[in-house]
Protein chains: 2
Amino acid sequence: MFISTSEHSVDAKNRVSVPASYREVLRGDPHDAIYVFPHFSGAYLEGGGELFMQQYRADIARLGRYDPLGQIMEVAVLGAAKRLDFDSTGRITLPKEFIEHARLGKRAAFVGCGSRFEVWNVEDHARRSSDMREAAAQMMQDPEQVARLGGGQSLESLIKSSPSLADFLNRRGS
Amino acid sequence: MFISTSEHSVDAKNRVSVPASYREVLRGDPHDAIYVFPHFSGAYLEGGGELFMQQYRADIARLGRYDPLGQIMEVAVLGAAKRLDFDSTGRITLPKEFIEHARLGKRAAFVGCGSRFEVWNVEDHARRSSDMREAAAQMMQDPEQVARLGGGQSLESLIKSSPSLADFLNRRGS
DNA sequence: TCGCTATATGGGATATCATGGGAAATTATG
DNA sequence: CATAATTTCCCATGATATCCCATATAGCGA
């Protein structure tokens, strides 16, 4: 699971270190790489490992070749995504288009979102982060939203429906 | 289950011992670590083990990728959380941002909250603790609140509805 | 009362991570 | 095919985090 936020330098060669904790999540993937694409709904990049990309591929494939939504997502996600290989010290090189899309400067913020992560311009992220944290505190005042969130019951429902999942989560920690 | 409160030193390297009774709860987790994040609604840290974090992940994942509440919680919880590994004597190292957020000084208070725990500046905690005890006494005067609490019936309902889940929670001590 | 064991805490040595720069290999271009 | 541009690989370095050992303290049992 990708968690935590950290800032990293983008050097003159457009290289940036991927947080070591993210690389640990990716151990076992067939390629020593991440998949990244400029997100269609904002000035940031979305990325993840093999599983992340396969989830998109499967969602799109399930729609079928002639589904308009599928065609849109093919272009917006699969067409926009690149596999970025790690160098020996755990860095990737960001394509110029990605840097421009996310308005990245000398530093970039990696934000863990569970099954995937986002890459932001640090100022944009700081702004968004404080907005989101304030919104989260607000949400906790609203019983309807609290109920929607589930209060930790979601996992228990999963375990109830599939007891073996509990062992899996325990072992994998992912 | 995380219970009881104890104070521990934060040393020059920002290390702090996690109460032994908490570590015992975490035995069996895939990593010898806790997950902690600066809470969005106050100057304290919230933490727990693998199950604690998976509950957040599952709650957020259930809302789906495009739910605004889910996005808020991704940033406020998953993006803010870090896995803090124990050293051989059961200490963790607190990141500087965490110390600043919770205004921790030379000592920190660990407060058990069942499935999770909180870390507080000792003065803030003392104040809050007496407020909460007073509030609890008040609540018991209100029949509506007393009814909501359930009077100990909740566990019996849980066991009746799903013996295997009850067994899982029992083994995990959470 | 005297150790024994758990736990808690401090400090120095070591390993890992992030990052910069140069050399070699690859690709694009005329 | 030759040259320039770019990318990939490799090594160096400083900062930080991790490991390991030493000591202190408290509870427990003989």
Side-chain angles (χ1 to χ4, degrees), chain A residues 2-27 31-36 45 47 82-100 104-112 117 119-122 125, chain B residues 2-27 29-37 45 47 81-100 104-112 117 119-120 122 125 173:
Chain A
F2 299 107
I3 59 167
S4 120
T5 296
S6 53
E7 265 183 44
H8 293 275
S9 296
V10 180
D11 71 14
K13 296 176 177 175
N14 293 337
R15 293 178 302 186
V16 61
S17 293
V18 174
S21 67
Y22 291 16
R23 299 198 310 260
E24 196 190 337
V25 175
L26 301 168
R27 272 192 295 177
H31 308 282
D32 199 23
I34 54 177
Y35 295 87
V36 182
L45 312 177
K82 280 192 156 66
R83 199 187 86 196
L84 304 179
D85 293 320
F86 291 124
D87 71 12
S88 60
T89 63
R91 286 177 294 196
I92 53 168
T93 300
L94 292 168
K96 268 192 289 293
E97 323 88 77
F98 286 18
I99 289 180
E100 283 160 18
L104 300 181
K106 289 260 173 264
R107 295 185 71 75
F110 285 74
V111 185
F117 58 84
V119 183
W120 287 80
N121 163 307
V122 285
H125 170 254
Chain B
F2 300 109
I3 58 164
S4 120
T5 296
S6 52
E7 265 183 45
H8 293 274
S9 297
V10 181
D11 71 13
K13 293 178 176 176
N14 294 337
R15 292 178 301 188
V16 60
S17 292
V18 173
S21 67
Y22 291 15
R23 299 201 308 261
E24 196 187 337
V25 175
L26 302 168
R27 272 192 295 177
D29 272 15
H31 307 282
D32 198 23
I34 54 177
Y35 295 87
V36 181
F37 66 92
L45 311 177
K82 279 189 157 62
R83 200 186 83 195
L84 304 179
D85 294 322
F86 291 124
D87 71 12
S88 59
T89 64
R91 286 176 295 194
I92 53 167
T93 300
L94 292 168
K96 267 192 291 294
E97 322 89 76
F98 286 19
I99 289 180
E100 283 161 18
L104 300 180
K106 289 261 173 261
R107 295 186 71 74
F110 284 75
V111 185
F117 58 84
V119 183
W120 286 81
V122 286
H125 170 251

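Order of the sequence lines fixes the chain letters, A, B, ..., with proteins taken first and strands second; residue numbering starts at 1 for each chain.
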- OG on A:S21 to CG on B:D85, rounded to 0.5 Å: 10.0 Å
- Counting side-chain heavy atoms from CB outward, which of C:dT19, C:dA8, D:dC10 is closest to B:S17? C:dA8
- Task: Would you kindly compare B:K96 and B:D87 by the position of their nearest DNA chain D nucleotide and give the one closer to the 5′ end?
- Result: B:K96
- Any side-chain N or O of A:R107 less than 4.0 Å from the OP1 or OP2 oxygen of C:dT19? yes
- Query: Of the nucleotides C:dG10, C:dA8, D:dC10, which one has an atom closest to the side chain of B:H8?
  - Reply: C:dA8
- Query: How far apart are the closest heavy atoms of B:S6 and B:P19, and which atoms are they?
  - Reply: OG-CG, 3.3 Å
- Between atom CG in B:N14 and atom P in D:dT18, what is the gap in whole Å? 12 Å
- Hey, does B:V18 reach any base, or is it just sugar-phosphate, or nothing, if we go heavy atoms under 4.0 Å? sugar-phosphate
- Would you call the rings of A:Y22 and A:F117 parallel, tilted or perpendicular, where under 30° means parallel and over 60° means perpendicular? tilted
- Query: Is C:dA6 syn or is it anti, if syn means the base angle is within 90 degrees of 0?
  - Reply: syn
- Relative to each other, are the rings of B:W120 and B:H125 parallel, tilted or perpendicular (30° and 60° limits)? tilted
- Query: D:dA17 P sits how many Å from B:R91 CZ, rounded?
  - Reply: 15 Å
- Distance test, side-chain N/O of B:S88 to OP1/OP2 of D:dC20, below 4.0 Å: no
- B:K82 NZ to D:dT18 C1', straight-line distance once rounded to whole Å: 16 Å
- Note on the structure: Closest of C:dG21, C:dT9, C:dG11 to the B:T89 side chain is C:dT9
- Item | Among C:dA18, C:dA8, C:dT9, the nucleotide that comes nearest once only the side chain of A:A20 is considered | C:dA18
- Quick one: which of C:dG10, C:dT19, C:dA23 gets closest to the side chain of B:D11? C:dG10
- Check the distance between D:dC9's P and A:R15's CZ and give it to me in whole angstrom. 12 Å
- Note on the structure: Side-chain contact check for B:K13: nearest option of C:dA13, C:dG21, D:dC20 is C:dA13
- Nearest-angstrom distance from the residue atom CZ of A:R27 to C1' of C:dT16: 13 Å
- Query: Could you give the CD1-to-C1' distance, from B:I92 to C:dT7, as a whole number of Å?
  - Reply: 16 Å
- Side-chain heavy atoms of B:V16 within contact of B:D11, under 4.5 Å: no
- Message: So, OP1 or OP2 of C:dA8: does either fall under 4.0 Å of a side-chain N or O from B:R23?
- Response: yes
- What is the distance, rounded to the nearest whole Å, between atom CZ of A:F86 and atom P of C:dA18? 11 Å
- Nearest-Å distance, CZ (A:F110) to C1' (C:dC17)? 14 Å
- Query: Using a cut-off of 4.0 Å on non-hydrogen atoms, how would the nucleic acid contact of A:S9 be classed: base, sugar-phosphate, or nothing?
  - Reply: sugar-phosphate
- Item | Exercise: do A:T93 and A:R15 side chains pair donor with acceptor under 3.5 Å | no
- Message: Checking the side chain of A:R107 only, and the main-chain atoms of A:V122 only, is there a donor and an acceptor separated by less than 3.5 Å?
- Response: no
- Are A:H31 and A:R83 close enough that a side-chain donor and a side-chain acceptor fall under 3.5 Å? yes
- Through what angle, rounded to 10 degrees, does the axis of the helix from C:dT7-D:dA24 to C:dG30-D:dC1 turn between its ends, using five pairs per end? 40°
